[in-house]
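Each chain gets a letter, A, B and so on, in the order the sequences are listed, and its residues count up from 1.
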Number of protein chains: 2
Amino acid sequence: MPTERPRRRIPEATVARLPVYLRILSEQAEEEVESISSDRLAELAGVNAAKVRKDLSYLGSYGTRGVGYEVAYLVYQIRRELGLTHDWPVVIVGAGNLGQALAGYGGFGERGFPVAGIVDVDPGKVGTVLGGVRVRHIDELSQIVQSKRVNIGVVATPTAAAQDAAERLVRAGVTSILNFAPVVLSVPRSIEVRKVDLAVELQILSYHEQRRATTSTLRSVAGGIGGGPGTNGQVGQVGQVGQGGQGGQGGQVGLGGTAATSRPASA
Amino acid sequence: MPTERPRRRIPEATVARLPVYLRILSEQAEEEVESISSDRLAELAGVNAAKVRKDLSYLGSYGTRGVGYEVAYLVYQIRRELGLTHDWPVVIVGAGNLGQALAGYGGFGERGFPVAGIVDVDPGKVGTVLGGVRVRHIDELSQIVQSKRVNIGVVATPTAAAQDAAERLVRAGVTSILNFAPVVLSVPRSIEVRKVDLAVELQILSYHEQRRATTSTLRSVAGGIGGGPGTNGQVGQVGQVGQGGQGGQGGQVGLGGTAATSRPASA
DNA sequence: CCAGCTTTGTGAACGTGTGCACGAGTGCCT
DNA sequence: AGGCACTCGTGCACACGTTCACAAAGCTGG
């Protein structure tokens, strides 16, 4: 079992699922499970088994036909592919409500993303300690990024300050940004940006709720008793959702978060 | 301009972008902009103009050729389509670090998702007030959901408690869930689930950082001076990323968040 | 060593999403 | 009134992602 070089260029959709597999596999490893089939992994991840196999095939052929995948080895391979063989220190811009919560959330460091620093424009916040890290002034950003070799920045500022925060991060040398502010950041193409937007997520749910209401009304008018057992036993069946999109010349509007609707383990 | 019934069944990818357009359009409306072209909107949203037009066409043909779209009317239509014509009260399960931040974040209510209640299992937390809402015991969940007509639940518990929280929400009558815990929730197919997972987002960024490091190393070996102006002036060009995925029989592993890389307004 | 069972790896079909290119309206200016 | 510049709406081709279905491969028992 040489560290055979995996076929490169993993599809984005797969990259987005690898972390999920990784978490599940790590849990399995802790429970002393040594081998796992694509079927079982798919069940736990709430996806199709073929998808699991195809996803894993991008890492190389590390399964054993008739048996399954060796959990420990798969964990190693995924970690390697995701670049999790070493820590990625992050710097948080904005020590407000969200910044505090992020810093306080220990899961950051545990998962390989130690908080190298938190900065804020407000001198009043500088010096306070959040999650074991002292808040520093934003002017020290470059110094922190450089001395701690930070590649990933987190924008946790109010909306109005987000663009400025992003620009400062880029100037400081950060090459990836996780943006919590509800704005489309304007940064050089070479910078990787991911957005987490609560409002967007809720609005997507709202759309489905609204849709559910509309269609059920229509059905009760057109069909029989509104709300009774439907054709397939499932009433509000909005069913699958997933996501879509791919290449395209950039654009932070790509997609929302992860949609779902399924029942992995416990059927 | 009758309230012409829009063609139904809007693609998920479009649904995920509508909230972004909505925010931008609302901003434009505040700046007294009355009309906007697909080109301008695309620029602000960081997407392709054709995509904007196609997305908006799903709402019906509300543009005027040669002119553009009437901002106010578009705002109205998108809000209508997303079901934002009325509030959607949400209930938060888990008054820990995250639950507190969510409750404290005013943007919730402002954007049409007032916090109808926060519950926690810990009796010690019951009674404390977060963001103007008193924390109540989780046993009161059903009562809250029913009396306040809550359709959307937010899981902000520790990982271990998430599945139980989800089940309680479902039993209480909630039909959509926004999950912040890093687990794949097991719920009936009829329940719409969206996941927001920090670790996943960071790991995706990590993947790209790692990739960037690897490829640039390769390039510096194969090509010229490592890091000098590349073929196209852009060095670490990871370029577009976007997302992918769509139908599929459920599966919360669909995708991560919104990826990006672009520069909307300020070119 | 062979038969039979299991599970991987993947070719191919299908569905979805994106972006170009252009026809079709609309408003403005002369 | 006519021409021109502009912008929408959309057909089409292409790219990407998902799923099926099956051959290949490995294990087990006799």
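You'll find that the side chain of Tyr69(B) is closest to dG9(D), out of dT8(C), dG9(D), dT7(D). Relative to the side chain of Ser61(A), the nucleotides dT19(D), dG9(C), dG9(D) differ in distance, and dG9(C) lies closest.
Here the C1' atom of nucleotide dG26(D) and the CD atom of Glu70(A) are 15 Å apart, to the nearest Å. Summarising the geometry, the separation between NZ on Lys51(B) and C1' on dA15(D) is reported as 12 Å, rounded to the nearest angstrom. Counting to the nearest Å, the P atom of dT7(D) and the CG atom of Leu41(B) are 13 Å from each other. In this structure, the CD1 atom of Ile10(A) is 17 Å from the C1' atom of dT18(D), given to the nearest Å. Rounded to an integer number of Å, the gap from Asp39(A) CG to dT6(C) P is 12 Å.
Pairs of residues two or more places apart, or lying in two chains, that qualify as salt bridge (Lys or Arg N to Asp or Glu O under 4.0 Å) and include a residue from residues 19-31 of chain B are Arg23(B)-Glu27(B).
Each of Gly66(B) and Asp55(A) was matched to the nucleotide of DNA chain D holding its nearest heavy atom; the match closer to the 5' end belongs to Gly66(B). Of the two residues contacting DNA chain C, namely Arg65(A) and Lys54(A), the nearest-nucleotide position lying further toward the 5' end is that of Arg65(A). With DNA chain D read from its 5' end, the first of the two nearest nucleotides for Ala50(A) and Leu56(B) is the one closest to Leu56(B).
Listed pair Arg53(B) / dT18(C) fails the phosphate criterion, with no side-chain N or O lying under 4.0 Å from OP1 or OP2. Taking 4.0 angstrom as the limit, Ser38(B) places a side-chain polar atom (N or O) nearer than this to OP1 or OP2 of dC8(D). The phosphate of dG15(C) has neither OP1 nor OP2 within less than 4.0 Å of any side-chain N or O from Arg9(B).
Rounded to 10°, the helix from dC1(C)-dG30(D) to dT30(C)-dA1(D) has 10° between the axis fitted to its first five pairs and the one fitted to its last five.
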